[in-house]
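Data block below; observations after.
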Amino acid sequence: MHRCFPVLSDAIIHNGLIQQHLQGLVVPNIMGEGSQPNSPTSITDLHLIKVRVPRLSVVLLPGIGVQLTIGAKLQLRGNCLVGLLSELIDILVEVNITANIKCTNFESGTFQVVTEDCLCILGAIKIKVLSGLLTLSVNELVLRQLTATLPALLCPVVDIVMNLVNIHLLSTLNAVIPVGTAGTIHYQLASIPYTSGKFLGLDLDGVVKQVGGNTIAHDSSPSALPPLMDRLLLLVMRQSFLNAVLSLLLQLPPQTFPCTPDVCSTCSGTGPLSIKLVLRGNPLILLEENKASVKLSVLIQLFGNHLDGSILNFLLLKADLGLNVQVSIVGGRLVLQLALGSTSLSLESSDVGISNISTLKPHCSSLLEETFMPVMNGALSIGIPLPKVLRIPLVNVDFQIKAGLLVFLV
């Protein structure tokens, strides 16, 4: 069984959820004809005393949801009246419950589950009384009566259990996780879970908030999931969501460095020169097939102070950067590491009449490589915390970069 389905097995079987909701199950009285010797005239007060759930299987249904099959053994006990004699009767019956579980009513990251086409098939039946005075016809009578009554009792229990499991599992998707000291991510689904005959797809989204409560807006439109047939569970993060998180992490204060030029004929009357680097606007991540890059702009200012304290702007440049991104998963966090790829310079202003900046590109690239890139990578080093979707920690999972999507293969 694939590891996303033991989550269902744990919730339904190992945690005793179905056993708990079957306790107290009361079966209608079984009335016999009593025409044969030693045949029961009635079996009353028939109730469940023990349930054994040895197996559970899940099959994906394209466009519907999942088909859940639960195999169980029910031990029933009641009073058996044979003629004028009454004694305890134990009935052990095997049942196979199959139901289609459909996701519906998606709203604000949550959805409801509906149980459809529930079918309950009875298997072997073993009957035991202390006296042993029962005819073979009892099996047929009990099987006939239980076949008529158990489905109406067991299918509603499956529906209740699946709604509780849905609440339990949705809590793993609908989670608020801090991102260092920068803010929080409130993870949720962008759309209803998608099922094909090959995989279950979950489109992850989230509300990204800065400390103080300001939300970083992004496009939350659902994604078209890629058909990656070699995995059963796909988790998808969209480019727009990652852009919002990147903007949260890269809230960098201006970086100022001292600069003492060897020759500067226009520097007379000013103090030491300084360089200020300021991130301009929000970074933009671009996901392409097997490739991730980031585009952002940095203002580079060379300035000095007049003796009266006023600022002289020697040069204000805008550097449009193309950054290569190395993506990795470390300790349940998505880590992005940036490397300088390309630099394009444009002149914003100059108080001293500088107009030709053609020779400055290599110097600015070196400046950014040595000073600004370590600051950005330091801010990104805490990583993007990933939710434990369906209580599965996203550790040592594979991922693929698709056009506009980051796909986790679980």
Side-chain angles (χ1 to χ4, degrees), residues 8-9 11-59 67-102 113-165:
L8 294 176
S9 180
I12 295 173
I13 296 177
H14 300 303
N15 294 341
L17 195 57
I18 196 165
Q19 293 93 325
Q20 174 188 343
H21 284 81
L22 283 174
Q23 291 301 323
L25 182 70
V26 177
V27 180
N29 295 338
I30 297 176
M31 307 306 295
E33 298 176 356
S35 58
Q36 299 183 25
N38 297 330
S39 65
T41 56
S42 66
I43 300 175
T44 60
D45 191 27
L46 198 58
H47 59 280
L48 183 72
I49 62 170
K50 189 175 182 180
V51 56
R52 283 175 259 175
V53 189
R55 68 187 186 277
L56 178 144
S57 64
V58 179
V59 176
Q67 184 180 78
L68 187 72
T69 300
I70 302 173
K73 290 183 178 180
L74 307 181
Q75 185 175 350
L76 306 172
R77 178 169 293 170
N79 295 314
C80 179
L81 181 63
V82 181
L84 299 177
L85 298 177
S86 178
E87 60 179 319
L88 290 178
I89 183 172
D90 281 342
I91 301 173
L92 184 64
V93 55
E94 294 184 4
V95 295
N96 203 59
I97 308 168
T98 301
N100 295 343
I101 311 300
K102 181 179 180 180
V113 294
V114 176
T115 303
E116 297 180 340
D117 302 324
C118 182
L119 180 64
C120 181
I121 299 176
L122 273 60
I125 291 182
K126 295 181 180 179
I127 300 177
K128 180 180 179 182
V129 294
L130 290 178
S131 66
L133 300 175
L134 288 176
T135 64
L136 295 177
S137 63
V138 173
N139 276 26
E140 296 179 4
L141 171 66
V142 171
L143 178 61
R144 184 169 63 251
Q145 294 288 338
L146 292 183
T147 299
T149 57
L150 277 183
L153 298 173
L154 297 180
C155 286
V157 171
V158 173
D159 187 55
I160 292 171
V161 167
M162 287 310 302
N163 275 281
L164 292 173
V165 169

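Keep in mind that what you see is a predicted model, and the values were worked out from it rather than measured.
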How about [X] and [Y]: do any of their side-chain heavy atoms sit closer than 4.5 Å?
X: Ile43; Y: Leu141; result: no
X: Asn29; Y: Leu46; result: no
X: Arg52; Y: Gln75; result: yes

When the side chains of residues 19-28 are checked against the rest of the protein, which donor-acceptor pairs come out under 3.5 Å, sequence neighbours left out?
unit_1 : atom_1 : unit_2 : atom_2 : d
Gln19  : NE2    : Ile13  : O      : 3.4
His21  : ND1    : Leu17  : O      : 3.1

Do you know the tightest heavy-atom contact between [X] and [Y]?
X: Asn163; Y: Asp159; answer: ND2-O, 2.8 Å
X: Arg77; Y: Asp90; answer: NE-OD1, 2.6 Å
X: Gly71; Y: Asn96; answer: CA-OD1, 3.9 Å
X: Lys73; Y: Glu94; answer: CE-OE2, 3.3 Å

Under 3.5 Å, side-chain donor or acceptor atoms of residues 117-126 against the rest of the protein: list the pairs with distances, not counting sequence neighbours.
unit_1 : atom_1 : unit_2 : atom_2 : d
Asp117 : OD2    : Asn100 : ND2    : 3.4

His47 (side chain) donor-acceptor with Leu76 (main chain) under 3.5 angstrom: no
Measuring from atom [atom1] of [X] to atom [atom2] of [Y], what distance do you get when rounded to the nearest 0.5 angstrom?
X: Ile97; Y: Thr115; atom1: CD1; atom2: OG1; value: 11.0 Å
X: Cys80; Y: Asp45; atom1: SG; atom2: CG; value: 12.5 Å
X: Thr44; Y: Asn79; atom1: OG1; atom2: CG; value: 4.5 Å
X: Met162; Y: Ile18; atom1: CE; atom2: CD1; value: 9.5 Å
X: Leu68; Y: Ser57; atom1: CG; atom2: OG; value: 7.0 Å
X: Ile91; Y: Leu48; atom1: CD1; atom2: CG; value: 11.5 Å

For Arg55, salt bridge (Lys or Arg N to Asp or Glu O under 4.0 Å) partners two or more places apart: none
Val93 vs Leu143, side chain to side chain contact (heavy atoms under 4.5 Å, CB included): CA-CA, chis, key distance, verdict: CA-CA 9 Å; Val93 55; Leu143 178 61; 5.9 Å; no
